[in-house]
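One structure is given here, and the rest of the page talks about it.
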Amino acid sequence: GPGVVEPTLFGPSGIQPLPTSTPEDGLVTMSSVPAIPGNYSLDLKLSGLPIPGSPFPIAVSDPSKCRLLTSFKDGHLGKVGSPLEVAVDTAKAGPGVLTAVATGASRTVRLQALDGEGNVSTVTFVPAEAGEHSLDTLWDGHSIPGCPLKIP
């Protein structure tokens with residue numbers, strides 16, 4: 001029904017009221033671009049009364065804030081059957097999941113990360129075939145800086 005929608009965004013940087021617009025069709029729109037990754041909560045009220053289900057959780061991540069701690073340069077070669085570890089610091093990236101995709105000459109394998117100490121996670125890759133491989137490490141489905149890695 002009619003009323004005034006009052007959205008408020010709660011997050012790591014504090015409380016932020018959100019401006020709304022209501023075009024002729026009556027659909028209320030709002031937008032925000034959080035500057036800091038983290039967990040947010042969107043509180044919606046209609047004429048001062050909570051909207052059912054409110055507040056709504058929102059997880060904001062930023063893959064560009066991940067830091068790759070491993071490099072396969074300087075002659076580091078992968079060997080068939082020998083594990084290679086990639087460590088990633090995700091402390092400033094906000095909530096998310098670290099995964100990886102390894103691509104070799106004839107197949108692609110999805111890998112899960114293991115949580116390490118603090119905000120450092122590792123992905124372990126075991127080459128199953130000879131030749132160059134590519135390892136793309138992802139935070140919440142998006143490539144992190146420095147990836148994909150080329151493993152000779």
Side-chain angles (χ1 to χ4, degrees), residues 5-22 27-46 50-129 131-152:
V5 175
E6 304 160 22
T8 305
L9 187 64
F10 297 87
S13 57
I15 300 171
Q16 175 185 359
L18 299 176
T20 62
S21 64
T22 308
L27 181 68
V28 176
T29 60
M30 64 198 84
S31 68
S32 175
V33 179
I36 301 171
N39 291 309
Y40 289 76
S41 178
L42 177 61
D43 184 36
L44 293 176
K45 293 183 179 173
L46 181 61
I51 292 178
S54 178
F56 301 95
I58 301 171
V60 176
S61 64
D62 184 352
S64 74
K65 303 281 186 193
C66 289
R67 196 167 54 98
L68 192 61
L69 303 176
T70 306
S71 172
F72 293 110
K73 297 175 183 170
D74 304 323
H76 186 101
L77 301 176
K79 294 181 182 173
V80 173
S82 295
L84 297 170
E85 284 191 355
V86 175
V88 179
D89 181 351
T90 61
K92 296 179 181 177
V97 176
L98 187 69
T99 58
V101 177
T103 304
S106 66
R107 66 185 197 149
T108 298
V109 179
R110 296 196 182 282
L111 307 167
Q112 287 295 100
L114 297 175
D115 290 334
E117 292 187 30
N119 291 301
V120 175
S121 296
T122 58
V123 173
T124 301
F125 167 59
V126 181
E129 59 188 356
E132 184 173 278
H133 290 73
S134 173
L135 184 64
D136 196 8
T137 307
L138 312 161
W139 184 248
D140 247 17
H142 301 279
S143 293
I144 67 169
C147 286
L149 294 166
K150 297 294 181 196
I151 305 168

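Scope of the values below: all heavy atoms of this structure, side chains included, with no hydrogens, waters or symmetry mates.
Between Ile151 and Phe125 the shortest side-chain heavy-atom distance falls below 4.5 Å. Here the side chains of Leu42 and Pro55 are not in contact, with every heavy-atom distance at 4.5 Å or above. Counting heavy atoms from C-beta outward, Leu135 and Leu84 have side chains that stay 4.5 Å or more apart. When side chains are defined from C-beta on, Trp139 does not count as touching Ser64, because their heavy atoms never get closer than 4.5 Å.
Here Glu6 contributes atom CD and Leu46 contributes atom CG; the two are 8.0 Å apart, rounded to the nearest 0.5 Å. Distance check, rounded to the nearest 0.5 Å: CG of Leu149 to OG1 of Thr137 gives 5.5 Å. With values rounded to the nearest 0.5 angstrom, Ile144 atom CD1 is found 8.0 Å from Leu138 atom CG. The distance from atom SG of Cys147 to atom CG of Asp136, rounded to the nearest 0.5 Å, is 5.5 Å.
Judged by distance alone, the side chain of Asp140 and the main-chain N or O of Val97 form a donor-acceptor pair under 3.5 Å. With hydrogens and angles ignored, the 3.5 Å screen pairs a side-chain donor or acceptor of Thr90 with a backbone N or O of Asn119.
Across every non-hydrogen atom of Leu44 and Pro7, the tightest pair is CD2-CB, 3.4 Å. In terms of heavy-atom proximity, Thr122 sits nearest to Glu85 at CG2-OE1, 4.5 Å. Counting all heavy atoms, side chain and backbone alike, Tyr40 lies closest to Pro12 at CZ-CD, 3.4 Å. His133 and Gly104 get closest at one heavy-atom pair: CD2-CA, 3.5 Å. Pairing each heavy atom of Lys92 with each of Lys65, the nearest pair is O-CB, 3.3 Å. Considering all non-hydrogen atoms of both residues, Ser134 and Pro148 come closest at OG-CB, 3.4 Å.
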Please walk me through it: do Val88 and Val123 pass side chain to side chain contact (heavy atoms under 4.5 Å, CB included)? CA-CA 8 Å; Val88 179; Val123 173; 5.8 Å; no

Derivation of the side chain to side chain contact (heavy atoms under 4.5 Å, CB included) call for Leu111 and Thr124: CA-CA 8 Å; Leu111 307 167; Thr124 301; over 6 Å; no

